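Fair warning: this is a prediction, and the values are worked out from it, not measured in the lab. Residue numbers begin at 1 in each chain, while the letters A, B, ... track the order of the sequences.
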There are 2 protein chains.
Amino acid sequence: MVVLDIGEVAERSGVAPSTLRYYEEIGLIASLWRRGLRRQFDGDVLLKLSLIAMGKAAGFSLEEIAGMFGRDGRPDIPRDQLRERADELQRQMAELRTLRDILRHVADCPAPSHLECPTFRKLMQAASRRKLVYRPSVRRSGARRTAP
Amino acid sequence: MVVLDIGEVAERSGVAPSTLRYYEEIGLIASLWRRGLRRQFDGDVLLKLSLIAMGKAAGFSLEEIAGMFGRDGRPDIPRDQLRERADELQRQMAELRTLRDILRHVADCPAPSHLECPTFRKLMQAASRRKLVYRPSVRRSGARRTAP
DNA sequence: GCTTGACCTCAAGTCGACTTGAATTCGTAC
DNA sequence: GTACGAATTCAAGTCGACTTGAGGTCAAGC
């Protein structure tokens, strides 16, 4: 078993030490023990951090992600729940696709004002019908760099 | 010109009055005048709110969205910025797709632990290679309902 | 004239995901 | 044995996008 110092984990994963401590605090990851004060992690934590990052990228909250690991720290999610999430991702993708199409159209549309472009209005209406508009769903995170 | 009371705007748009006040405060929308204390809005504000909601869904911040309207209140967005955002959405979609595939695989994989499943590891590596993992980009917003 | 209810203002609170800072404690190298 | 550097704890701060609450105001209907 590979054992890594917190600093090493931070460096290899790109996740700040403060973040690692925070993750430990909320029970998302666990350290093996201390060497003096320093946390030491099982090398597997790197894979787990990848999974966490992926979950975040997919729009899951840390709490939700935490729920995806069993008590032994291994991924452990009821299979139908997984499928459900996959389907939800599918839906999110569809929304993003619609949105992307709108943006692309607006970018290329020669009409002086978008409000006067029939295609734009049509796309907007389609978006509204799909409830895309009033359901806050996706947000870029602040311009904060975790990696140095 | 249609004139709407703030309450009506709220009801028709699904945006809470407090939010409308907040938007006015930060200069995102403007009211015409007051009737007594009450703000009155031009009916056009509804379309503008749709655009705002769409911008949010696309991952723009309110500040960025505010910058997308000319001083006359009409949409006015640099086209290449739009294309850039569309491309970013595209990347987001790719991330979601990868994640969806992973979830689906995990849901169907017969291996006792995913960490031991070669397919899983392969998918994870693919995800990592695509920089999916360390670029924080998308987040679902909290479970807060703006509409009543 | 009085009540009612929808609106008002302003300050403060919330939420998630971290970061920052001050004061402290180690292991290691010299 | 002491200095150094990296890590520690704990409380508090930050950011965006709002919401909440207390206390005040107004137009319309009776």
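B:Leu20 places none of its side-chain heavy atoms less than 4.5 Å from the side chain of B:Val45. Contact of the A:Asp87 side chain with the B:Arg104 side chain is registered, since non-hydrogen atoms from C-beta on lie closer than 4.5 Å.
Proximity note for A:Ser18 (side chain, C-beta onward) versus D:dA7, C:dC18, C:dT19: the nearest is C:dT19. Side-chain proximity of A:Arg38 to D:dC18, D:dA7, C:dA6: nearest is D:dA7. For B:Thr19, counting side-chain heavy atoms from C-beta on, the closest listed nucleotide (C:dC26, C:dC18, D:dC18) is D:dC18. Side-chain proximity of A:Tyr22 to D:dT9, D:dC18, C:dA17: nearest is C:dA17. Counting only heavy atoms from C-beta on, B:Ile6 has its side chain closest to C:dC8 among C:dC8, D:dT9, D:dC18.
Counted within 6.0 Å of CD on B:Glu63, heavy atoms from surrounding residues, nucleotides or ligands total 12 or fewer; the atom is thus considered open.
Going from atom CD of A:Glu25 over to atom C1' of D:dT8 covers 13 Å, rounded to whole Å. If you measure from atom CD1 of B:Ile29 to atom C1' of D:dA17, you get 14 Å, rounded to the nearest angstrom. One can place CG of A:Leu20 at 10 Å from P of C:dC18, the figure rounded to the nearest angstrom. Computed from coordinates, the B:Phe60 CZ to D:dA17 C1' distance equals 17 Å when rounded to whole Å. Atom P of nucleotide D:dC18 and atom CD of B:Glu24 are separated by 15 Å, given to the nearest angstrom. Look at CZ on A:Arg35: it is 10 Å from C1' on C:dC26, rounded to the nearest Å. Going from atom CD of B:Glu63 over to atom P of D:dG16 covers 7 Å, rounded to whole Å. Whole-Å rounding puts the B:Glu8 CD to C:dC7 C1' distance at 14 Å.
Nucleic acid contact for A:Arg21: base, since at least one base atom lies under 4.0 Å from a heavy atom of the residue. Within the 4.0 angstrom heavy-atom criterion, no nucleotide atom of any strand lies near B:Ile26.
The residue among A:Leu37 and B:Asp5 whose nearest nucleotide of DNA chain C lies closer to the 5′ end is B:Asp5. Comparing B:Leu62 and B:Gly36 by the nucleotide of DNA chain D whose heavy atom lies nearest to each, the residue mapping closer to the 5' end is B:Leu62.
Look at B:Tyr23 and you won't find any side-chain N or O under 4.0 angstrom from OP1 or OP2 of D:dA17.
Rounded to the nearest 0.5 Å, atoms CD (B:Gln90) and CZ (A:Arg97) are 9.0 Å apart. A:Trp33 contributes atom CH2, which lies 8.0 Å from atom CG of A:Asp42 (distance to the nearest 0.5 angstrom).
Judged by distance alone, with hydrogens and angles left aside, A:Arg39 brings no side-chain donor or acceptor close enough to the base of D:dA7 to form a pair under 3.5 Å.
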